[in-house]
> 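Please see the structure below; I have some questions.
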Amino acid sequence: MKLSIIHIILICVSYLAHGQDCNFLDTKNGFRNIKLGTSISDYPEFQKREETNAALFKLSMNAKANYVYVGNENEQLSGAKILFIFLIINDTKISEIKIVTEKVLSVYATLKFAYGEPTQKYNDKLIWRTNQIECSIEGDWSQVPGYHITYKKISDPRKELIILKEKSAKEAQKEL
């Protein structure tokens with residue numbers, strides 16, 4: 001308990017000394033050494049989703065996760081054990097990183113101190129967003145095991161609209 005309090009105090013002191021900046025998300029471009037947009041081949045420690053390890057992906061809260069890394073006892077984020085790291089891959093490139101940790105309040109505090117106040121809140125999900133990257137943390141207190149921290153690139157809205165328009169046109173054409 002005393003170690004957690006000391007840890008939070010150190011984070012606060014660090015926060016005051018360096019300030020917070022949501023644009024730090026753009027600089028980091030991911031979580032620790034895992035960078036968005038890089039090739040999955042750069043991370044051989046991740047296991048590809050297969051029938052033999054499919055049970056690990058149940059905690060990803062995202063059926064699209066392609067790769068998983070199971071943390072060891074020493075890997076922590078603000079005093080919380082990192083349970084899993086999931087990756088979503090598009091065209092061999094990392095498009096989303098999801099970290100699952102134990103529920104320890106200092107995890108939220110670390111994100112807040114690093115990125116500032118959340119730019120958006122949706123139910124129990126807190127979101128920090130820049131023009132390029134989004135980081136969110138969620139995990140309600142009763143139903144979701146652990147905190148789920150997600151990093152992902154913000155896609156060009158025009159591209160999304162074009163894809164949606166093309167998809168809608170194809171669906172409409174099927175109806176005729």
Side-chain angles (χ1 to χ4, degrees), residues 21-71 77 82-101 103 107-108 111-112 114-176:
D21 185 1
C22 201
N23 291 319
F24 181 62
L25 280 170
D26 292 336
T27 305
K28 281 298 286 179
N29 191 37
F31 176 71
R32 295 187 177 166
N33 68 329
I34 307 165
K35 304 299 178 193
L36 294 164
T38 58
S39 174
I40 185 60
S41 63
D42 295 340
Y43 307 94
E45 64 274 19
F46 281 84
Q47 301 173 30
K48 188 173 184 169
R49 180 183 213 143
E50 297 173 352
E51 282 190 37
T52 56
N53 65 4
L56 294 175
F57 289 84
K58 289 181 180 177
L59 281 178
S60 76
M61 289 179 58
N62 190 327
K64 299 183 291 183
N66 310 87
Y67 287 83
V68 64
Y69 171 75
V70 179
L77 175 61
I82 295 175
L83 304 172
F84 301 99
I85 302 175
F86 297 98
L87 301 179
I88 295 175
I89 308 299
N90 288 318
D91 298 324
T92 72
K93 303 290 185 191
I94 299 172
S95 63
E96 192 171 315
I97 304 164
K98 181 171 281 198
I99 303 99
V100 180
T101 70
K103 283 188 181 175
V107 172
Y108 164 72
L111 291 174
K112 186 175 176 184
Y115 305 138
E117 287 295 323
T119 54
Q120 186 178 358
K121 183 176 180 181
Y122 181 77
N123 293 330
D124 73 329
K125 183 176 187 177
L126 301 173
I127 302 166
W128 292 265
R129 184 177 292 136
T130 69
N131 289 332
Q132 298 177 25
I133 296 181
E134 175 182 292
C135 173
S136 63
I137 183 170
E138 63 184 317
D140 70 25
W141 309 115
S142 61
Q143 298 174 354
V144 178
Y147 282 128
H148 292 247
I149 303 163
T150 304
Y151 290 88
K152 61 184 174 182
K153 287 265 188 193
I154 303 287
S155 61
D156 184 349
R158 288 170 289 172
K159 288 181 185 177
E160 289 182 17
L161 289 174
I162 291 168
I163 291 168
L164 181 61
K165 183 180 175 183
E166 290 173 350
K167 184 178 177 183
S168 296
K170 287 180 183 179
E171 288 175 8
Q173 290 169 356
K174 285 180 185 178
E175 292 290 323
L176 300 175

> For R129, does its backbone N or O pair with a side-chain atom of T119 as donor and acceptor, under 3.5 Å?
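A pair under 3.5 Å: yes.
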> Look at the side chain of W128 and the backbone N and O of G116, then say whether any donor-acceptor pair between them is shorter than 3.5 Å.
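Present.
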> Would you indicate whether the side-chain heavy atoms of T130 and F24 approach each other to under 4.5 Å?
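No, too far: nothing below the 4.5 Å cut-off.
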> Which distance, rounded to the nearest 0.5 Å, do you find between the CG of L176 and the CD of E171?
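That separation rounds to 12.5 Å.
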> Under 4.5 Å between any side-chain heavy atoms of K35 and K28, yes or no?
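Yes; the side chains approach each other to less than 4.5 Å.
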> Tell me the closest heavy-atom pair linking G30 and I97, and the distance in Å.
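Minimum heavy-atom separation between G30 and I97: CA-CD1, 3.9 Å.
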> Short question: side chain of Y43, backbone of T38 - any donor-acceptor pair under 3.5 Å?
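Checked: no pair found.
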> Compare all side-chain heavy atoms of I34 with those of R32 and state whether any distance is below 4.5 angstrom.
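They are not in contact (no side-chain heavy atoms under 4.5 Å apart), so the answer is no.
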> Less than 4.5 Å apart, any side-chain heavy atom of K98 and any of I149?
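Answer no - side chains too far apart.
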> Which atoms form the tightest heavy-atom contact between Y115 and C135, and what is the distance?
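Taking every non-hydrogen atom into account, CE1-SG, 3.9 Å.
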> Would you give the length of the straight line joining atom CD1 of I89 to atom NZ of K48, rounded to the nearest 0.5 angstrom?
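Here the rounded value is 9.5 Å.
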> Do S39 and K93 touch side chain to side chain, with heavy atoms closer than 4.5 Å?
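Touching, per the 4.5 Å side-chain cut-off.
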> Within this structure, what is the CG-OG distance for the pair N66 and S95, rounded to the nearest 0.5 Å?
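So the gap between those two atoms works out to 7.5 Å.
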> Where do V107 and L77 come nearest, in terms of heavy atoms and distance?
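For V107 versus L77, the nearest heavy atoms are CG2-O, 3.5 Å.
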> Can you find a pair of side-chain heavy atoms, one from Q132 and one from I154, that are under 4.5 Å apart?
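In short, these two side chains do not touch, never coming nearer than 4.5 Å.
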> Could you state the interatomic distance from NE2 (H148) to OG (S136), rounded to the nearest 0.5 Å?
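Interatomic distance, H148 NE2 to S136 OG, rounded to 0.5 Å: 10.5 Å.
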> Where is the tightest heavy-atom contact between A65 and F86, given as atom of each residue plus distance?
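Smallest interatomic distance, heavy atoms only, reads CB-CB, 4.1 Å.
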> Heavy atoms only: give me the nearest N29-K153 pair and the separation to one decimal.
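Reported closest heavy-atom pair: OD1-NZ, 3.1 Å.
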> Against Y67, only a single residue in I94, I88, L87 fulfils side-chain contact (heavy atoms from CB on, under 4.5 Å); can you say which?
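Result: among I94, I88, L87, L87 is the only option passing the side-chain contact (heavy atoms from CB on, under 4.5 Å) with Y67.
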> Using a 4.5 Å cut-off on heavy atoms from C-beta on, say whether the side chain of F31 contacts that of I82.
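Yes, side chains in contact.
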> Is there a side-chain contact (heavy atoms from CB on, under 4.5 Å) between K125 and I137? Walk through the geometry before answering.
CA-CA 6 Å; K125 183 176 187 177; I137 183 170; over 6 Å; no
> Answer yes or no: is there a side-chain heavy-atom contact under 4.5 Å between L25 and Y151?
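The answer is yes; the side chains approach within 4.5 Å.
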> Measure the CD1-CG distance between I99 and L83 for me, rounded to the nearest 0.5 Å.
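It comes to 11.5 Å.
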